[in-house]
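Sequence lines set the chain letters: A, B, ... in the order given, protein chains first and strands last, and positions in each chain run from 1.
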Number of protein chains: 2
Amino acid sequence: MQLTQYTDYSLRVLVYLGMKNDGRATITELADYYQISRNHLVKVVHNLAQQQLILTQRGKNGGMSLARPANQIKVGDVVRLTEPNFHIAECFNNVSNKCVLTPNCRLKSILYQANVAFLTILDNYTIADSIVGLTVFKPDNSHAQG
Amino acid sequence: MQLTQYTDYSLRVLVYLGMKNDGRATITELADYYQISRNHLVKVVHNLAQQQLILTQRGKNGGMSLARPANQIKVGDVVRLTEPNFHIAECFNNVSNKCVLTPNCRLKSILYQANVAFLTILDNYTIADSIVGLTVFKPDNSHAQG
DNA sequence: AAATAGATGTATATAAAATACATGTTATTG
DNA sequence: CAATAACATGTATTTTATATACATCTATTT
């Protein structure tokens with residue numbers, strides 16, 4: 001059981017923006033920081049903007065920023081808006097489902113309850129909660145003795 | 001977010017065994033009933049036997065049966081024993097993790113709590129609970145008027 | 001011994017996800 | 001108003017995970 005890297009990257013973008021003093025960043029800056037594919041990030045950022053989780057600005061001095069304060073963005077909502085589906089088992093996909101137990105099987109509602117519980121926990125936290133203890137740039141210890 | 005079909009099939013095997021009066025079945029019987037790949041089921045069944053969730057018997061009149069009563073097999077345990085991993089995000093995989101936020105990021109513990117909540121719900125149910133209302137063979141309504 | 005059924009390992013196919021590439025659009029700045 | 005910076009968008013390719021197929025072995029029963 002895992003979330004897609006797409007969702008992972010989406011969360012990291014928001015965390016980075018929350019960490020930065022000015023709250024702004026470009027895709028290139030993020031790709032460099034996380035050492036991940038710039039091209040992939042382009043799509044992640046585009047989706048975050050479509051979902052109104054961030055604001056983007058094209059052109060020179062453009063970039064992105066959080067659409068609202070980090071403490072008002074629930075982790076659960078981010079996951080709901082970025083994860084492609086929550087087809088926990090085949091029976092959750094009405095199109096491809098071929099299980100002969102449907103619709104009498106109780107497993108589906110059990111799995112659904114578990115999925116709800118998963119997202120409910122994430123709803124108890126915001127991007128701000130994820131950031132505690134993090135800073136974009138490491139503290140300046142360059143003058144400290146090795 | 002989804003479980004693998006492997007886990008889905010594992011659950012279906014246990015549900016089928018729980019449904020049957022004699023509690024016994026062969027791989028071929030299951031593959032026919034669910035209309036799924038016999039070859040794939042072979043691996044599912046083998047794993048279920050290794051995890052001591054079912055007992056298998058080779059040879060003529062062989063087959064499988066539940067290792068213990070259906071009401072003593074938690075859905076959560078089945079999922080834990082069949083799902084290949086619970087790497088909710090990249091940072092859960094110590095081998096491949098390259099996220100620069102590790103280990104200061106709080107997201108990992110938030111996602112872990114959600115994963116625990118997911119499994120905890122499944123621990124509240126057994127294979128017997130999943131079966132309620134199910135029978136292997138449809139009730140005989142052949143004499144009823146259309 | 002023959003037939004049945006699971007055990008096991010390897011190989012292939014499929015599907016999903018991630019990544020790369022090409023080009024377009026918008027905004028700023030000098 | 002031209003040059004540049006940065007996001008937008010669609011398509012193609014690569015990679016990985018998962019599912020499926022195949023071949024052969026071992027065990028059990030009759």
Keeping [X] on the side-chain end and [Y] on the backbone end, is there a donor-acceptor pair under 3.5 Å?
{"X": "Gln35(B)", "Y": "Asp32(B)", "value": "yes"}
{"X": "Glu83(A)", "Y": "Leu3(A)", "value": "no"}
{"X": "Asp8(B)", "Y": "Glu90(A)", "value": "yes"}

Whole-Å gap separating [atom2] ([N]) and [atom1] ([X]):
{"X": "Phe86(B)", "N": "dA17(D)", "atom1": "CZ", "atom2": "P", "answer": "17 Å"}
{"X": "Gln5(B)", "N": "dA16(C)", "atom1": "CD", "atom2": "C1'", "answer": "13 Å"}
{"X": "His87(A)", "N": "dA15(C)", "atom1": "NE2", "atom2": "P", "answer": "16 Å"}
{"X": "Glu90(B)", "N": "dA18(C)", "atom1": "CD", "atom2": "C1'", "answer": "12 Å"}
{"X": "Leu53(B)", "N": "dG6(C)", "atom1": "CG", "atom2": "C1'", "answer": "17 Å"}
{"X": "Leu41(A)", "N": "dA8(D)", "atom1": "CG", "atom2": "P", "answer": "12 Å"}
{"X": "His40(A)", "N": "dA12(D)", "atom1": "NE2", "atom2": "P", "answer": "18 Å"}
{"X": "Leu3(A)", "N": "dA18(C)", "atom1": "CG", "atom2": "P", "answer": "10 Å"}

Counting side-chain heavy atoms from C-beta on, which of dC21(C), dT20(D), dA19(D) comes nearest to Ser37(B)? dT20(D)

Out of dA21(D), dA7(C), dA19(D), which has the shortest distance to the side chain of Asn39(B)? dA21(D)

Going by atom types alone, do Gln5(A) and Tyr9(A) pair a side-chain donor with an acceptor below 3.5 Å? yes

Taking the side chain as every heavy atom from C-beta outward, state whether Arg38(A) and Thr28(A) have any atom pair closer than 4.5 Å. yes

Does a side-chain heavy-atom distance below 4.5 Å link Asp123(A) with Arg80(A)? yes

Assess the pair Phe86(A) and Phe92(A): is the distance between their ring centroids shorter than 6.0 Å? no

Give a yes/no on whether any side-chain N or O of Tyr9(B) is located under 4.0 angstrom from OP1 or OP2 of dT18(D). no

Pairs under 3.5 angstrom, nitrogen or oxygen only, protein versus nucleotides 8-10 of chain C, please.
| from | atom 1 | to | atom 2 | distance (Å) |
| --- | --- | --- | --- | --- |
| dT8(C) | OP2 | His46(B) | NE2 | 2.1 |
| dT10(C) | O4 | Lys43(B) | NZ | 2.5 |

Are there any protein N/O atoms within less than 3.5 Å of an N/O atom in nucleotides 2-6 of chain D, and if so, which ones and at what distance?
| from | atom 1 | to | atom 2 | distance (Å) |
| --- | --- | --- | --- | --- |
| dA6(D) | O4' | Gly59(A) | O | 3.1 |

Once you round to the nearest 0.5 Å, how far does CG of Leu101(B) lie from CG of Asn104(B)? 8.5 Å

Name the residue closer to the 5' end of DNA chain D, choosing between Thr56(A) and Gln2(A) according to the nucleotide with the nearest heavy atom. Thr56(A)

Which atom pairs, donor and acceptor, lie under 3.5 Å between side-chain atoms of residues 39-68 of chain B and protein residues at least two apart or in another chain?
| from | atom 1 | to | atom 2 | distance (Å) |
| --- | --- | --- | --- | --- |
| Arg68(B) | NE | Gln72(B) | O | 2.9 |

